2 protein chains.
Amino acid sequence: MGINERKEREKVELRGLILKGAMEVFLEEGFENTSIRRIAERVEYSPGTIYVYFKDKDEILHELHIVAFQQLMVAMQKTEMHPEPLDQLYAIGDSYITFALANPQLYELMFVLRAPMKAIHPDCEWEEGFRTYHYFRDVAAKAIDKGQLKPIDPEVLCVTLWATVHGLVTLHLRERFQMIPPDQIEPIIRHCLRQLLQQYEAK
Amino acid sequence: MGINERKEREKVELRGLILKGAMEVFLEEGFENTSIRRIAERVEYSPGTIYVYFKDKDEILHELHIVAFQQLMVAMQKTEMHPEPLDQLYAIGDSYITFALANPQLYELMFVLRAPMKAIHPDCEWEEGFRTYHYFRDVAAKAIDKGQLKPIDPEVLCVTLWATVHGLVTLHLRERFQMIPPDQIEPIIRHCLRQLLQQYEAK
DNA sequence: AAATATATTGAACGGTGTTCAAAATGTCAA
DNA sequence: TTGACATTTTGAACACCGTTCAATATATTT
């Protein structure tokens with residue numbers, strides 16, 4: 001009975017098509033203009049159909065949020081070309097900043113917006129975030145083990161590094177850096193990260 | 001002709017009353033539930049009246065944003081009890097963190113939400129932000145001048161300190177610190193600031 | 001008391017997320 | 001092939017949202 005299998009395939013396909021359309025609308029029109037009706041229009045289905053394939057709008061945004069983390073993860077994994085953990089740590093920071101500035105909407109979906117987090121069940125874990133954070137922390141831990149960084153708690157180091165870059169990026173994205181000339185913001189962000197990391201280097 | 005003066009007074013009064021109601025709704029129901037209709041209901045006027053006293057919703061949120069900055073400024077100015085700039089700098093950081101954690105909605109209005117910034121004319125300055133930032137930077141500059149901090153660019157120092165604390169606070173407020181036990185988050189935020197500032201101390 | 005000026009109203013417009021009875025389509029046994 | 005059943009899709013309806021504006025109500029002046 002291959003019919004049920006085909007139906008299952010078609011269901012998955014349409015779900016994927018809706019997500020593809022949702023991502024297009026999200027990237028082209030921005031979060032504030034990403035409505036169910038616009039997504040439905042984009043994929044040429046009625047608004048009601050969306051709710052057959054997704055519980056609510058938050059679930060759609062959570063799926064996009066997962067895709068965004070996959071993209072960041074790909075960018076970060078390219079840093080494995082560096083044999084030394086310390087060099088890789090610098091490269092991870094660089095790729096994080098590059099990703100955030102090149103994909104501001106995706107960055108906000110990952111680390112600022114509340115909506116995608118509401119789709120995560122309270123007892124469940126924030127898988128995407130955990131995986132990315134652990135990848136980062138493991139590299140930092142290796143750099144400490146190898147004596148390339150001072151022997152501090154890798155958790156505290158990672159939280160500090162992450163928060164600093166996140167703070168710089170979001171103050172910029174949400175237009176709170178009006179005291180800094182626009183063309184100097186990106187250099188300052190990269191400079192702050194380098195200087196911060198340098199302070200933790202074993203001398 | 002005292003009638004026009006009384007009318008002017010009444011206009012200002014009602015404007016203030018609407019803002020008071022708006023702040024109540026904002027603090028009690030949160031940003032997402034702060035609608036013009038709810039504010040109007042709270043002050044017992046019709047929605048249309050709100051638009052006689054304010055151009056749009058963004059203008060109301062900008063006014064609340066100004067009040068929030070005044071509150072933070074009051075908290076920060078209490079640190080002037082410390083005679084040494086370095087001690088004051090630590091105290092300013094502490095009061096910033098305390099304010100953010102005690103008034104998360106106001107903090108988001110000041111440094112995260114887009115709405116209040118949309119009410120600032122493009123050619124105008126972000127007065128509230130500038131005043132607060134300059135207050136902070138002047139204290140840092142004094143600490144550098146007095147040789148209590150290493151002789152670095154106060155602008156870079158302030159941006160780094162601000163961004164780090166902002167990053168820590170917002171990752172927490174937007175529930176991205178699920179890898180940290182909830183009761184340890186506040187200590188970590190304070191610890192990160194202290195450690196960061198300590199690294200810049202002249203030894 | 002009538003005329004004028006000001007202040008307030010609330011229905012209306014086009015938008016939002018979401019639901020659900022009804023219609024359309026697909027499947028399958030007789 | 002046709003009728004019965006299952007599945008999928010629809011779009012109107014609900015309760016909201018920010019905003020506008022002609023109409024109403026109130027206050028002031030003549």
Side-chain angles (χ1 to χ4, degrees), chain A residues 1-19 21-23 25-26 28-65 109 113-119, chain B residues 1-19 21-23 25-26 28-65 109 113-119:
Chain A
M1 194 60 63
I3 285 175
N4 284 338
E5 291 168 22
R6 193 207 63 207
K7 282 202 173 182
E8 192 52 44
R9 245 186 298 129
E10 283 175 350
K11 262 193 196 171
V12 173
E13 253 174 51
L14 183 46
R15 204 186 131 99
L17 218 73
I18 293 170
L19 282 178
M23 183 62 98
V25 174
F26 183 80
E28 288 169 24
E29 321 260 5
F31 168 70
E32 305 216 310
N33 298 314
T34 302
S35 67
I36 296 292
R37 281 174 176 83
R38 267 208 227 253
I39 296 170
E41 196 184 15
R42 166 75 60 138
V43 295
E44 295 174 299
Y45 278 83
S46 78
T49 305
I50 308 291
Y51 286 86
V52 177
Y53 295 87
F54 299 92
K55 189 181 150 283
D56 53 21
K57 194 182 171 180
D58 292 341
E59 190 176 315
I60 296 178
L61 291 170
H62 181 242
E63 294 285 352
L64 299 186
H65 154 116
L109 197 57
L113 300 181
R114 286 224 160 81
M117 301 306 272
K118 281 193 258 174
Chain B
M1 193 60 62
I3 286 176
N4 283 338
E5 291 168 23
R6 195 209 61 210
K7 282 205 171 179
E8 192 52 43
R9 243 186 299 128
E10 283 175 350
K11 261 193 195 173
V12 174
E13 252 174 52
L14 182 47
R15 202 187 133 97
L17 217 74
I18 293 170
L19 282 179
M23 184 61 98
V25 174
F26 183 80
E28 288 168 25
E29 322 259 6
F31 168 71
E32 305 217 310
N33 298 315
T34 302
S35 67
I36 296 291
R37 282 173 174 84
R38 269 208 227 254
I39 295 169
E41 196 184 17
R42 166 74 59 138
V43 295
E44 294 174 301
Y45 278 84
S46 79
T49 304
I50 308 291
Y51 285 86
V52 177
Y53 295 86
F54 299 92
K55 188 182 152 284
D56 55 21
K57 194 183 173 183
D58 291 341
E59 189 175 317
I60 296 178
L61 291 169
H62 181 242
E63 294 285 353
L64 300 185
H65 154 114
L109 197 57
L113 300 182
R114 286 223 161 84
M117 302 305 273
K118 281 192 258 174

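Treat the numbers as computed from the prediction; the structure is a model and nothing was measured. Just so we're on the same page: letters track the sequence lines, and every chain starts at 1.
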> Considering only heavy atoms from C-beta outward, does the side chain of B:E63 approach that of B:R15 to under 4.5 Å?
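Yes - at least one pair of side-chain heavy atoms lies under 4.5 Å apart.
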
> Quick one, B:M117 and B:H62 - any side-chain contact, counting heavy atoms below 4.5 Å?
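No. Closest side-chain heavy atoms not under 4.5 Å.
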
> Got a list of side-chain donor-acceptor pairs under 3.5 Å for residues 40-50 of chain A, not counting sequence neighbours?
from	atom 1	to	atom 2	distance (Å)
A:R42	NH1	A:E24	OE1	2.8
A:R42	NH2	A:E28	OE1	2.8
A:S46	OG	A:T49	OG1	3.4

> If you check every side-chain atom of A:Y45, which of D:dT8, C:dT8, D:dT9 has the closest atom?
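Closest of the options to the side chain of A:Y45: D:dT9.
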
> Tell me, please, which residues at least two apart from B:E29 pass salt bridge (Lys or Arg N to Asp or Glu O under 4.0 Å).
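If we apply the salt bridge (Lys or Arg N to Asp or Glu O under 4.0 Å) test to B:E29, skipping adjacent residues, there are no hits.
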
> Which residues in residues 30-44 of chain A have at least one heavy atom lying under 4.0 Å from any atom of DNA chain D?
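Per residue number, the list reads A:R37.
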
> Return yes if some donor-acceptor pair links the side-chain N/O of A:H65 with the main-chain N/O of A:L109 below 3.5 Å, else return no.
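Flag set: sc A:H65 to bb A:L109 pair under 3.5 Å.
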
> Look at the side chain of B:S46 and decide which nucleotide, out of D:dT9, C:dT9, C:dT27, has an atom nearest to it.
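Closest of the options to the side chain of B:S46: C:dT9.
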
> Side chain of A:K11: nearest nucleotide among D:dT8, C:dA7, C:dT8?
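Nearest to the side chain of A:K11 among the choices is D:dT8.
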
> Which atom pair, heavy atoms only, marks the closest approach of A:R38 to A:N33?
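Smallest interatomic distance, heavy atoms only, reads NE-O, 3.0 Å.
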
> Can you measure B:N4 atom CG to D:dA27 atom P for me and round it to whole angstrom units?
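Checked: the CG to P distance equals 16 Å.
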
> Partners of A:E32 by side-chain hydrogen bond (donor to acceptor under 3.5 Å, both in side chains), sequence neighbours excluded?
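A:E32 satisfies side-chain hydrogen bond (donor to acceptor under 3.5 Å, both in side chains) with no residue once adjacent residues are dropped.
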
> What is the distance from CD of A:E29 to P of C:dG15, rounded to the nearest Å?
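A:E29 atom CD is separated from C:dG15 atom P by 13 Å.
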
> Among residues 49-61 of chain A, which ones have heavy-atom contacts with DNA chain C below 4.0 Å?
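DNA chain C contact set from residues 49-61 of chain A: A:Y51, A:D56, A:K57.
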
> Just how far is it from atom CE of B:M23 to atom OG1 of B:T34, taken to the nearest 0.5 Å?
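Rounded to the nearest 0.5 Å, the CE-OG1 separation comes to 10.5 Å.
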
> For the residue pair A:I36 and A:I60, establish whether any side-chain heavy-atom pair is separated by less than 4.5 Å.
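Of all side-chain heavy-atom pairs linking A:I60 with A:I36, at least one is under 4.5 Å.
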
> Under the side-chain hydrogen bond (donor to acceptor under 3.5 Å, both in side chains) test, which residues partner A:R114, sequence neighbours left out?
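Applying side-chain hydrogen bond (donor to acceptor under 3.5 Å, both in side chains) to A:R114 gives B:E108.
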
> Could you state the atom-to-atom distance from CD of A:E10 to C1' of D:dT8 in whole Å?
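Result: 11 Å.
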
> For the helix from C:dA1-D:dT30 to C:dA30-D:dT1, what is the angle between the axes at its two ends, each from 5 pairs, rounded to 10°?
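That helix has its two terminal axes inclined by roughly 30°.
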
> Look at the side chain of B:K55 and the backbone N and O of B:A119, then say whether any donor-acceptor pair between them is shorter than 3.5 Å.
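Side chain of B:K55 to backbone of B:A119, a donor-acceptor pair under 3.5 Å: no, none is there.
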
